[in-house]
Number of protein chains: 2
Amino acid sequence: MPAAAKQKKGVRAAQKEARPKEIVEAALAIFARDGFAGSRLEDVADRVGISKGTIYLYFENKEELFKACVRETVGSHVKETMKMAATFDGPAPDLLREIVRRISARLTKPAYRTILLLLISEGQRFPELVTFYHSEIIGPGIEGLGGVIQRGVDRGEFRETGLSKFPMMLMSPVIASVIWNHLFGGNVEIDPAEALQAHLDTMLDGLRK
Amino acid sequence: MPAAAKQKKGVRAAQKEARPKEIVEAALAIFARDGFAGSRLEDVADRVGISKGTIYLYFENKEELFKACVRETVGSHVKETMKMAATFDGPAPDLLREIVRRISARLTKPAYRTILLLLISEGQRFPELVTFYHSEIIGPGIEGLGGVIQRGVDRGEFRETGLSKFPMMLMSPVIASVIWNHLFGGNVEIDPAEALQAHLDTMLDGLRK
DNA sequence: TTCTACTGACTTACTAGTCAGTCAGCAAGT
DNA sequence: ACTTGCTGACTGACTAGTAAGTCAGTAGAA
């Protein structure tokens, strides 16, 4: 919607339009802190500065609010990355680095990080959400990474390794470091970018002398 | 305690002694299914075949029961593995493989897997538990893995890589595949052993041709 | 008979979800 | 420009239901 059209709207209409996002943002913060079952919708409402009842004007119930949080945050960035991969013309290792770097940048954003951790802990209770996430993000992501590895093999840049069968394992250090920081951040913080760099270097050229 | 001494005990004394473990096992199953906040102690009691009140004869409250679950499951297997590493005499890559394989075998056991996932989701609520886990498992584990990498470098078997700084990243594919199976097991199951094998092969010799 | 592990109904506390009532903003009439 | 009545976004006290934690009483082993 153009800014001009938004300007025309009255105060209340504008507020009404902004509410869902405000609520989702607050809910993400509370869910991140207390988990799904442990969160109180009153806390969410307080954070927005509205009453609990108002939440129910915009979301059917607590579960739907949670689903909205996931859908809102996840978005559909994978397609863009896939497009980039398709038009990339350099060496396969460079492409691999770039793709992994992009996914990693996304995964380590606070909101996304929250969703990742919530999905891990609450996923079993929301199978449709897991399916959604799988088809929207994981599936295309694996396809993209697998394609790059295959391309490298075809062009004689990569060896044939077991990684062709588990392309998602390329992302494992990012996931592990997100979890690491979530749990042990107080003790020893890992820089996911640096960990990923180390991982990729080793991955590409091996540990052995 | 020797079996003979156990034999001497009366039925009730034996039962009393066995209770805590029974309760912890049941609690692990229920916590795994419903999460900490979502679990009902009545469900735990039902699973053991006792009443809810009995749980409170053995554990102060729900939190203490959860902590007992973690402490019971985690144990202290790390020391044994460290001992093995110290006496190992073959090539560093073989030692690395063996250590990672051992940790992986532990992490993929159902009870441990449950604890891992529960720690990820509930860890922030139980900081002392995280500290306990870090000092008991993570710290020694990192030290052990780091030592093996260093030994490989010293002996001229390994290159100097960023992995020396993040030895825990060696375990990331195991952690990632545990989470993967937890979330997407219904769709595409990953065999953690196979994923780890692929990861280690790539790790050691690199992807590049 | 005594002792004690165990019971389960009860109390207490909490929260998801509801709904009758409120009042700020808007627009139409003057 | 000013008043005014209406609208609907919002409120918050309330209901209904749930679950943690308690304790007087019970049953069965010793």
To the nearest Å, how far apart are A:Glu17 CD and C:dG25 P?
18 Å
In whole angstrom, what separates B:Leu41's CG from C:dT7's P?
14 Å
Hey, is the side chain of A:Tyr58 poking within less than 4.0 Å of OP1 or OP2 on D:dC10, counting only N and O atoms?
yes
Does any non-hydrogen side-chain atom of A:Thr81 lie less than 4.5 Å from one of A:Arg106?
no
What is the distance from CD of B:Glu22 to P of C:dA5, rounded to the nearest Å?
15 Å
If you find the nucleotide of DNA chain C closest to B:Ile50 and the one closest to A:Ala37, which residue's nucleotide is nearer the 5' end?
B:Ile50
Which nucleotide, C:dG17, C:dG8, D:dT22, lies nearest any side-chain atom of B:Ser51?
C:dG8
Quickly work out the B:Glu42 CD to D:dA20 C1' distance and round it to whole Å.
10 Å
Rounded off to whole Å, could you give me the NZ-to-P distance for the B:Lys16 and C:dC3 pair?
15 Å
Does some side-chain heavy atom of B:Thr73 sit less than 4.5 Å from a side-chain heavy atom of B:Val24?
no
Give a yes or no on whether the backbone of B:Met168 and the side-chain of B:Ser172 come within a donor-acceptor separation of less than 3.5 Å.
no
Distance (rounded to the nearest 0.5 Å) between A:Met203 CE and A:Asp201 CG
11.5 Å
So for B:Lys52 and D:dA20, does any side-chain atom that can act as donor or acceptor lie under 3.5 Å from a complementary atom in the base?
yes
What contact category does B:Leu57 fall into here, base, sugar-phosphate, or nothing, at under 4.0 angstrom with non-hydrogen atoms?
base
Figure out the CD/P separation between B:Glu64 and D:dA20, and round it to whole Å.
15 Å
Rounding to an integer number of Å, can you tell me how far A:Tyr56 OH sits from D:dA9 C1'?
18 Å
Rounded distance (Å) that lies between atom C1' of D:dA20 and atom CZ of B:Phe36
10 Å
Check A:Lys83 with A:Glu80, please: is the shortest side-chain N to carboxylate O separation under 4.0 Å?
no
Give a yes/no answer on whether the side chain of B:Gln15 brings an N or O atom under 4.0 Å of OP1 or OP2 in D:dA29.
no
The side chain of B:Lys62 lies closest to which of these nucleotides: C:dT7, C:dG17, D:dA20?
D:dA20
Could you please name the option among D:dA20, D:dC10, C:dT15 that lies closest to any side-chain atom of A:Arg40?
C:dT15
